Undergrad: 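Have a look at this one.
Keep in mind it's a predicted model, so treat the numbers as computed, not measured.
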Number of protein chains: 2
Amino acid sequence: MILTTHKTPLFASEKAPGATRNRVLNVAEQLFAERGLHAVSIRDITRAAGVNLGAINYHFGSKERLIGAVFERRIAPISEERLRALEAAEKTAGDVPPTLEAVLDAMFRPTVEQAMDPERGGATFGKLMVRCFVEPHTAVEEVMRRYLDPVVRRFDTVLMCVKPNLTAEDVLWRMHLLIGALHQSLLLWDRTLPDGRTLRMEPETYLKRFLAFAKTAFHASIPEA
Amino acid sequence: MILTTHKTPLFASEKAPGATRNRVLNVAEQLFAERGLHAVSIRDITRAAGVNLGAINYHFGSKERLIGAVFERRIAPISEERLRALEAAEKTAGDVPPTLEAVLDAMFRPTVEQAMDPERGGATFGKLMVRCFVEPHTAVEEVMRRYLDPVVRRFDTVLMCVKPNLTAEDVLWRMHLLIGALHQSLLLWDRTLPDGRTLRMEPETYLKRFLAFAKTAFHASIPEA
DNA sequence: GTTAAAATCATACGAACGTATGAATCATAC
DNA sequence: GTATGATTCATACGTTCGTATGATTTTAAC
């Protein structure tokens with residue numbers, strides 16, 4: 001019996017499969033990053049994407065779920081990369097804990113590299129991520145819990161071995177300070193400052209400098225009392 | 001000629017002057033900090049404040065202007081404090097530039113102390129400020145430009161004397177990283193983490209630790225190439 | 001071609017939005 | 001008292017919001 005069924009269709013039209021869905025995701029990411037989650041209506045998105053108003057509710061169910069989908073598309077690979085890099089660092093280190101440098105690299109390199117790669121959202125997603133951290137949205141919070149919490153917990157555990165002189169609270173607190181620093185720099189990445197300057201730099205330079213900053217900051221001794 | 005006019009009226013009612021205006025400001029600050037600028041309607045505010053719907057447009061002109069007023073009420077004193085503290089540090093130092101520690105203290109102490117003082121908005125305003133940084137709003141941007149730009153420019157200049165081995169871009173970039181770190185910690189100040197922990201600590205402890213973090217981070221050497 | 005599912009479309013609904021208006025109420029000055 | 005300005009109030013306007021619906025078009029399998 002010969003089955004002529006093919007799962008991957010030969011496109012009769014010029015349109016790629018999921019073209020509408022993807023265009024909506026891209027445009028939504030762009031607009032959300034530029035104006036904020038609440039300030040963008042689904043009409044803004046469908047208009048800019050050149051698709052029908054109903055497209056969003058058809059493909060995503062609701063605006064809420066669209067926001068979740070936009071965020072998840074980028075955060076999922078980052079979380080995986082982070083955990084993979086951390087594991088690699090542990091493997092390299094062998095029986096002793098990995099170096100602080102290696103752990104911080106595993107934590108921040110995935111985000112920075114993604115934020116510098118136009119194919120994966122570039123600076124746009126960087127800004128969106130900051131918004132998702134700040135603007136409370138049920139759908140986003142669920143996605144963040146699912147992807148980010150395990151990462152933070154995992155890194156937290158390792159870092160306590162790397163820096164045994166710090167308490168658990170110290171480690172967590174410093175980690176969050178660095179995440180905040182990262183976000184701020186992503187937010188300002190392509191913004192022109194009041195004096196006309198910009199903070200843009202080469203991706204590799206950025207990564208090196210940020211990691212140097214992070215490593216030094218993390219080594220700060222705890223003040224007495 | 002005896003004028004019996006008095007500018008400060010003896011209140012016939014129990015209501016303080018500007019009571020409605022102030023209640024609106026307080027409630028709006030609270031709600032904006034909790035839910036974000038765009039997610040709060042003026043009906044939410046007037047309902048929570050127990051005042052008439054028209055009160056906001058009567059006292060502030062528009063929602064936009066209310067947002068500006070809420071933000072300005074807190075950021076103005078902070079900006080003044082920062083500049084005053086920086087001047088004091090320069091005076092103390094005499095002919096040489098002030099220490100990095102003193103400059104960072106002048107920059108961050110006002111915000112932290114305000115964020116710890118319930119009388120001046122406490123943690124609520126800390127969160128609101130983060131939102132104002134992230135959510136673009138015409139009225140807020142104008143206020144931020146007016147108050148924050150001069151401060152950053154002034155500190156920038158001084159810091160370049162304090163750390164002459166850094167370029168202007170380095171100084172600016174590190175300053176923004178630290179501002180991001182500060183904001184993140186304000187945002188998380190009273191948030192319960194997934195494991196039930198919190199990052200709350202004594203104000204004086206917080207300030208000491210953050211300044212130690214900032215000072216160390218700022219001293220980080222620039223990576224080669 | 002026929003058929004059924006998937007996708008797109010124009011359109012409508014009720015709710016909530018920011019703002020404006022004019023009457024009612026209050027406080028103060030004479 | 002009366003007059004005047006400041007404030008509060010109930011209410012209405014036009015717009016935009018997210019979502020739902022049913023018709024229409026497109027796609028893929030036979």
Undergrad: Partner lookup for D:dG22, please. Criteria are Watson-Crick or G-U wobble with both distances under 3.5 angstrom; report none if nothing qualifies.
TA: C:dC9
Undergrad: If I take atom CD1 in residue B:I67 and atom P in nucleotide C:dC17, what distance separates them, rounded to the nearest angstrom?
TA: 14 Å
Undergrad: Going by the angle between their ring planes, with limits at 30° and 60°, are A:W189 and A:Y206 parallel, tilted or perpendicular?
TA: perpendicular
Undergrad: Would you mind reading off the distance between B:I45 atom CD1 and C:dA16 atom C1', rounded to a whole angstrom?
TA: 15 Å
Undergrad: Reading DNA chain C from 5' onward, which residue's closest nucleotide shows up sooner: A:H59 or A:R43?
TA: A:H59
Undergrad: Does any nucleotide pair with C:dT2 by Watson-Crick or G-U wobble geometry, both distances under 3.5 Å, and what is it?
TA: D:dA29
Undergrad: According to a strict under-4.0 Å criterion, is B:S41 in side-chain N/O contact with OP1 or OP2 of C:dA16?
TA: no
Undergrad: I'd like to know if A:D105 and A:R109 make a salt bridge, using a cut-off of under 4.0 Å between side-chain N and carboxylate O.
TA: yes
Undergrad: Could you tell me how far apart B:D44 (CG) and C:dA16 (P) are, to the nearest whole angstrom?
TA: 11 Å
Undergrad: Between B:N52 and D:dA10, is there a contact of a side-chain N or O with OP1 or OP2 at under 4.0 Å?
TA: yes
Undergrad: In whole angstrom, what separates A:K63's NZ from D:dC17's P?
TA: 9 Å
Undergrad: Which part of the nucleic acid, if any, lies within reach of A:I56 when heavy atoms closer than 4.0 Å are counted: base, sugar-phosphate only, or nothing?
TA: nothing
Undergrad: Can you check the A:R47 CZ to C:dT8 P distance for me, whole Å?
TA: 19 Å
Undergrad: Taking the basic N atoms (NZ, or NE/NH1/NH2) and the acidic carboxylate oxygens, is any pair closer than 4.0 Å for A:D44 and A:R47?
TA: yes
Undergrad: Would one find a side-chain N or O of A:T20 under 4.0 angstrom from OP1 or OP2 of C:dT8?
TA: yes
Undergrad: OH of B:Y58 versus P of D:dT7: gap in Å, rounded?
TA: 4 Å
Undergrad: Could you check how far CG of B:N57 sits from C1' of D:dC9, rounded to whole Å?
TA: 14 Å
Undergrad: Just wondering, are more than 12 heavy atoms of other shown residues or ligands nearer than 6.0 Å to CD in B:E202?
TA: no
Undergrad: Please tell me which of B:R21 and B:L53 maps to the more 5' nucleotide of DNA chain D, matching each residue to the nucleotide holding its nearest heavy atom.
TA: B:R21
Undergrad: Tell me the interatomic distance from B:H38, atom NE2, to C:dA16, atom C1', rounded to whole angstroms.
TA: 16 Å
Undergrad: Knowing that exactly one of B:I78, B:D117, B:V70 qualifies, which makes a side-chain contact (heavy atoms from CB on, under 4.5 Å) with B:F125?
TA: B:I78
